[in-house]
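Residue numbers start from 1 in every chain, and the chains themselves are labelled A, B, ... in the order their sequence lines are given, proteins ahead of strands. What you see is a predicted model, and the numbers here were worked out from it, not measured in a lab.
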Amino acid sequence: MGISSNLRTAFFFAMKDIIKDKKIFLFIFIAISFGTANAMIINGITDGLVLDLVDNTINSNTGHITIYPDQDKQYIEGVGVKEMKLKSMSGIVAYSSRLQVGGVIKNKGMAKSVSIVALDPANEEKISTIFEKIESGKALSSRDSNDIIISFRIQEDMGINTGDEVILTFENGNSKLYNVKGIIHTGVPAVDANTVYIPIEEAKQQLGMQDKASVILVRLTDKNSAAGYKPIIKQELELSDVRTWKEEVEYTLSSAATMNQLGNTIVLISLIAANVSVAVIIYVSIVNKRRQIGIMKSIGVKNSLIFTIFLIEAMFFGIAGVIGGDMLGYAVIRYLENHPFYDPLSREYLGARFGIYLLFSASMTSFGTSVLAGVYPAINAGKTNIIQAIYGGR
Amino acid sequence: MIETRELTKTYMMGKVTVKALDAINISIEQGEFMAVMGSSGSGKTTFLNMIGMLDTPSSGQILFDGVDATKLSEGAKVAFRLNRLGYIFQFFSLFDQLSAIENVTFPMMLAGNQSEPSKKAKELLEVVGLGHRFHHKPSELSGGQQQRVAIARALANNPKILLADEPTGNLDRKSSNEIVELFKQLNKEHGLTIVLVTHDQEVGGKADRIIKFRDGKIEKP
Ligand SMILES: Nc1ncnc2c1ncn2[C@@H]1O[C@H](COP(=O)(O)OP(=O)(O)OP(=O)(O)O)[C@@H](O)[C@H]1O
Ligand SMILES: [Mg+2]
């Protein structure tokens, strides 16, 4: 008996089996579908979180290239000249120098140490999106000298509202009363914790600094060319600590990697759960077929054919379930992309991202485990002792 | 055709050994219709399972045309069951996802030696008197009809030997008689060797010979 006719016979029997046990088919289909969809959705959400975090970091904190003072210096000196050089380089869309100093904010008898970020509102508009992240109130403008913007955690911690007057003390001891013009929420936890934004001209005055910067953010036409610009900028500006956005978000990404791992663990657990139920359903259905397997053997069906029949059934379930799961997972991820949900804890919108690899990896693992779940009872089915199978374990 | 030598099967039930078959020596001729009778637990099913190669003896030999079946490889046993034996159980043993005709076709598909399996299956179903029920599922057939399909299935690959363990045990008198007549006819017209286990004196009476089991041994007539 040839292999092909063997297969045909196995197919014939397997299909009859599947058609007959519609309920079992439905159970297994649902179990695998949900397992597959779940894997996709969780990975899609963690991807979304990671990508959002990276975007937010670039947009509010680092730009595409970040220029820092040399290792032994506190500030970049001669900023004016350096800015001119940046301006003359092609491929650089915008740049913005910021001053970053420590300080203390006081209001209604409460005090909190903060990080004061001084920036040029006009320049920032070209390079970052922070002023689009204003939760309430208004963004800074270059003309402001008595206004500041505070991050939302400061607002929460100190019960400050827009329009309130607060005292800001700079690290050199200077203090001044400022009006809180707006509350900002950038989506980068480190920034949102305790940052106060003030216009750079005002800061220069308070700090008595000229031509200095703590950091210069640079925006390129193409963020993927950052690595190429890095050495050029280093040379032209005669500065050694120049970092690409990739290097900057490394930390973010490394924490995101932990998040991905967490996602993977959850995926694994839910896949196991889904596949254990698949295995149980297939197993039970095979146990229920013990007598039938015994009869098959008694009429001369080879073990290998019995194995093949159940393998075909498991593969069929796997394929059907994976297709169902792919469609479900795809639909849910696309939905979440367009309808991000609000997480009150992080006060962020969590949206998923779809990537074709999600489909692929979820399908492969799901199909693999489905088949494995079917193979084990199938091997057992083939091995079953005829007498025990037919008459039960007397 | 079939000969057993000191065929013995023992089961361990805890510390007690049960001798289900106790040194059985018997020979069954080609074309013989033999009935196996005896009280419950006397070893009839065990005996039939041994010569059907569904089970292996503890000791002794089973010879088919001089070949020791206990020494055959697993593959050879499978082929033997497929091509030379037909086995009919007391309980209804059809594949319930297959129709009557598919049940009968299935062993032919396995053997792969029939050019027109469904034509042959139809013929066989007609032989067993089910010419009008080709496409019924087992659940749509009466017990007697199911047993007829099982017989047709057992005959699918032109076996030499038909083994039946109380095939009429679950049937009423009328169906039971019809089935036995069918066996008788197959035996007479096709020269099939038949070993039939039964509790029913009337069924046993139709056979050429009756052997009686008692406590794993054959009773002297
Ligand atoms: N798997 C087993 N384990 C232990 N004992 C067994 C097993 N199979 C059969 N026996 C014992 O072997 C003896 C013969 O059993 P067998 O089934 O052959 O009887 P039987 O003549 O077919 O009875 P019945 O007419 O009730 O079908 C019985 O005592 C039974 O308990
Ligand atoms: Mg019995």
Task: Contacting moiety of B:F80, where chain A heavy atoms sit under 4.5 Å - done: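 Looking at B:F80, nothing touches chain A.
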Task: Side chain / backbone / both / neither for B:D96 at chain A, heavy atoms under 4.5 Å - done: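 Contact with chain A is through both the backbone and side chain of B:D96.
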Open item on the list: So that I can tick it off, tell me whether B:K44 and B:D165 are bridged by a salt bridge, with the cut-off set at under 4.0 angstrom between side-chain N and carboxylate O.
Closed with: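 No salt bridge links B:D165 with B:K44.
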Open item on the list: So that I can tick it off, tell me whether B:K19 and B:D215 are bridged by a salt bridge, with the cut-off set at under 4.0 angstrom between side-chain N and carboxylate O.
Closed with: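 Not counted as a salt bridge, because no side-chain N and carboxylate O are separated by less than 4.0 Å.
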TODO: Give the member of B:K77, B:E74, B:M53, B:E102 that has the highest number of heavy-atom pairs under 4.5 Å with chain A.
DONE: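 It is B:E102.
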TODO: Mind ranking B:R81, B:Q97, B:K137 by heavy-atom pairs under 4.5 Å with chain A and telling me who comes out on top?
DONE: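 That would be B:Q97.
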Open item on the list: Please tell me whether B:T198 and B:D200 have a donor and an acceptor in their side chains that are separated by less than 3.5 angstrom.
Closed with: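 Result is no, nothing qualifies.
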TODO: Using side-chain contact (heavy atoms from CB on, under 4.5 Å) as the criterion, list what pairs up with B:A76, not counting sequence neighbours.
DONE: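 Once residues adjacent in sequence are excluded, the partners of B:A76 under the side-chain contact (heavy atoms from CB on, under 4.5 Å) criterion are B:L72, B:S73.
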